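Structure first, then comments.
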Amino acid sequence: MSPITTQRHGDILIVTSNNPPVNALGHAVREGLVKAIDEADADETVKAVVIVCEGNTFFAGADVSEFGTPKAFEPPMLPQVVDRIEACAKPVVAAIHGTALGGGLEVALACHYRVAVPSAKLGTPEVKLGIIPGAGGTQRLPRLVGVPKALEMVATGNPIGAKEAHGLGLVDRLIEGDLEQHAVAFAEEVRDVRPIPKSSERDDKLAEARANPALFDEFRKANAKKFRGFDAPEATIKAVQAAVAKPYAEGVLEERRLFMELMTGTQARAQQYFFFAERKASKIEGLPEDTKPRDIRRVGVIGAGTMGGGISMNFLSAGIPVTIVEMEQAALDRGTGIMRRNYEATASKGKMTADQVEGAMGLLNPTLDFDALADCDLIIEAVFENMDVKKDVFTRLDKIAKPGAILASNTSYLNIDEIAAVTSRPEDVLGLHFFSPANIMKLLEIVRGARTAPDVLVTAMQLAKKIRKVAVVAGVCYGFIGNRMLIPRQMQAMQLLLEGATPEQVDKVHVEFGMPMGPFQMADLAGVDIGWHRDPTRIENIRDKLCAMERWGQKKGAGFYDYDDKRRPSPSPVVAEVIEEFRQKVGVEKRDITDQEIMERTIYTMVNEGAKILEEGMAQRASDIDVVWVYGYGWPVYRGGPMFWADTVGLKEIVAGLERQQDRLGKDFTLSRLLTDKAAAGEKLTR
Ligand code: NAD
């Protein structure tokens, strides 16, 4: 049965889509819409049409399950569908609830009128999948809302609410009450209005941009940082420029050309791959299907330092009460003070109300009394990174935590099984590795211990969603997925300094690749002293020396770079001297280092480590590793992630690059067997 049905209400033909879950614009829907409009035109007694959707939402976009299949290209394609709707000789009204996104908005734009419930959202998220609207969206939208707003919507992909859309003229009427009934009444009102308003024929709202074409470059400049490296935002700008500079029909052709160019490129493939990678990450392999999560009503956090505070905020923001425990009142006050200031900063940007700040802070119970954790359902330890301290904390926890409580460690590197072993309930123990700043970073590594119970894992995954994190399951190994892959990168970066590269050169290669910062910029931001042995007389390498000099990074105004009072970096002559000193000490000859060598030694080696993680089963799938890198370290999503990227470079080339560098990679470096096997077989890491 077609997902599109029609029924009469007096003179009005009501066209209803019923294609759960989101009324995606799959082939059957597209075909049904064309037939329905044909029916309206053929029947003299039909005076107007209403298009409405059942279920949770209006057409929420293209059918992602059709991506890459012949069905996606089977006529009628969406451009034909929307043109057919606009060409209807009777007024067509789109009745919008839920979300009208992507192709869904393009359908609505082609309708002659749009009515919506106030909670509806409208937008063009295509850019987030590396493409642009391809069914006239970039040409019709500016004609309805004006160029500045259209640019913002298509280039960022962020939706707007129906109320704003109404103010802009994108929605003709806001509907309170029954949407279909009111849409039909609206259709009755406009049934005889002639000429029928067609968005493709309007150009009054283009006048502003025609008078001021410089606004496009201003928009580019204002967003340069956000769009850096991405192809799709620039294509959306060009498409809207075409809407202004050319007649509608030519603009559509330009949109099509740009759309096809992106569709066949690597970025769109990477971004669409990543869309699915993120969804796959929440599936945990090897659990009984009927595993039920445990109930989490109160969370305990131990340690109110950098991580403990941020971790707590996630739960408070989701309405879950938190008991936070510290050793000393001063540390507790400092920690809760920072949390409050963070919330207040959010409120000052208008993203939270004063009441919400008080509401969140009101859910917090700060205490020095360890026993107060007794009624918590999940307790997350975020104390110093030291095995003895952690063991001590878990021994005490084991005595006071209620039966069935989940005991988690936020350790960055330490062995979860060893920590679990000091308790009488290793099945309740796991790692929950948040990333700093923990209230902002989206990634959570769920570390599955040898004995972690299935329902503990399921609970963690569900809770991650609730606090809006993207969680990935990792096995127990040093540094888990993300930090483990940083190790070879960091080692090679330091070695490159000795051989003749500068911190600036190494960082530049990473930034040009698309990373938000390079290894040395990252060290300066996080703290050069993290993990340092803290003995200023023990100087074995460049980092020891910088730490002994208190060059701990941005927080000290000096690290691998010098910083001015606005934290702007400049190359450091002091660091250059330190490097020179060690170069002579170690007896390494200085030479010119190419950018390609930096890539091979610091990025190819990461791919190699990722492949090892995969072959050891420490990650469930290659795409999980990519999710870790995009959400944990800012790997450019248009390159998919390190595993996907390696596949686009070709595994043979990655292996060849590593072999070229083998003599320089140090005696401990070994090639991943999985990587070399797959390279030899012409296979991919991401399949
Ligand atoms: P931190 O030094 O800022 O905070 C640790 C806090 O724990 C201190 O306030 C300390 O007073 C408190 N503490 C120590 N022992 C305690 C005890 N027995 N009872 C109660 N409180 C105690 O450290 P952090 O940066 O927040 O790191 C905490 C953990 O998180 C470490 O395991 C670290 O490896 C991990 N981690 C850190 C980061 C990061 O970027 N900082 C990122 C991910 C994970």
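Counting convention: from 1, in listed order, for ligands and their atoms alike. Note: hydrogens, waters and symmetry copies are ignored here, and every other heavy atom, side chains too, is used. Just so it is clear, the structure is predicted and the values come from calculations on it, not from any experiment.
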Are S570 and Y563 close enough that a side-chain donor and a side-chain acceptor fall under 3.5 Å?
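Y563 and S570 do not have a side-chain donor-acceptor pair below 3.5 Å.
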Does the side chain of R551 come under 3.5 Å of the side chain of S572 through a donor N or O and an acceptor N or O?
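Yes, a side-chain donor-acceptor pair sits under 3.5 Å.
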Please indicate whether any nitrogen or oxygen in [X] is less than 3.5 Å from any nitrogen or oxygen in ligand 1.
X: T411; result: no
X: R396; result: no
X: H433; result: no

Using a 4.0 Å heavy-atom cut-off, which part of [X] comes near ligand 1: side chain, backbone, both, or neither?
X: V383; value: both
X: V393; value: side chain
X: F435; value: neither

Tell me which one of [options] gets a heavy atom nearest to [atom].
atom: atom 2 (O) of ligand 1; options: F370, F434, F384; result: F384
atom: atom 1 (P) of ligand 1; options: I302, T306, L332; result: T306
atom: atom 21 (N) of ligand 1; options: M327, E381, M307; result: M327

Considering only protein heavy atoms, which is closest to [atom], and at what distance to one decimal place?
atom: atom 30 (O) of ligand 1; value: N410 ND2, 2.8 Å
atom: atom 36 (N) of ligand 1; value: S412 OG, 3.2 Å
atom: atom 12 (C) of ligand 1; value: E326 OE2, 3.1 Å

Report, in ascending order of atom number, the atoms of ligand 1 lying under 4.0 Å from any heavy atom of S436.
39 (C), 40 (O)
Atoms of ligand 1 close to G305 [distance to a heavy atom under 4.0 angstrom, numbered from 1]:
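Atoms satisfying the 4.0 Å criterion: 3 (O), 4 (O), 6 (C), 9 (O), 26 (O).
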Evaluate whether atom [atom1] of [X] has more than 12 neighbouring non-hydrogen atoms of other residues, nucleotides or ligands under 6.0 angstrom away.
X: E540; atom1: CD; result: yes
X: R673; atom1: CZ; result: no
X: K402; atom1: NZ; result: yes

Taking ring-ring contact (aromatic ring centres under 6.0 Å, His included) as the criterion, tell me which of F644, Y631, W645, W629 meets it with F274.
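Among F644, Y631, W645, W629, the one meeting ring-ring contact (aromatic ring centres under 6.0 Å, His included) with F274 is Y631.
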If we only consider heavy atoms of A382, is any one of them less than 4.0 Å away from an atom in ligand 1?
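For ligand 1, residue contact (heavy atoms, under 4.0 Å) with A382 is present.
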4.0 Å heavy-atom contact, K390 with ligand 1
yes
Is there a protein heavy atom at a distance of less than 4.0 Å from atom 23 (O) of ligand 1?
no
Could R534 and W552 be counted as a cation-pi pair, given that NZ or CZ must be under 6.0 Å from the ring centre and within 45° of the axis?
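Cation-pi check for R534 and W552: passes.
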NZ/NE/NH1/NH2 to OD/OE distance under 4.0 Å, E358 and R340
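R340 and E358: salt-bridged.
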Are D392 and K390 ion-paired here, with the side-chain N under 4.0 Å from a carboxylate O?
no
Whether F480 and H433 hold their rings parallel, tilted or perpendicular, with breakpoints at 30° and 60°:
tilted
I'd like to know if the side chain of T602 reaches the main chain of I598, judged simply by a donor and an acceptor atom lying under 3.5 Å from each other, with no hydrogens or angles considered.
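Side chain of T602 to backbone of I598: a pair is present.
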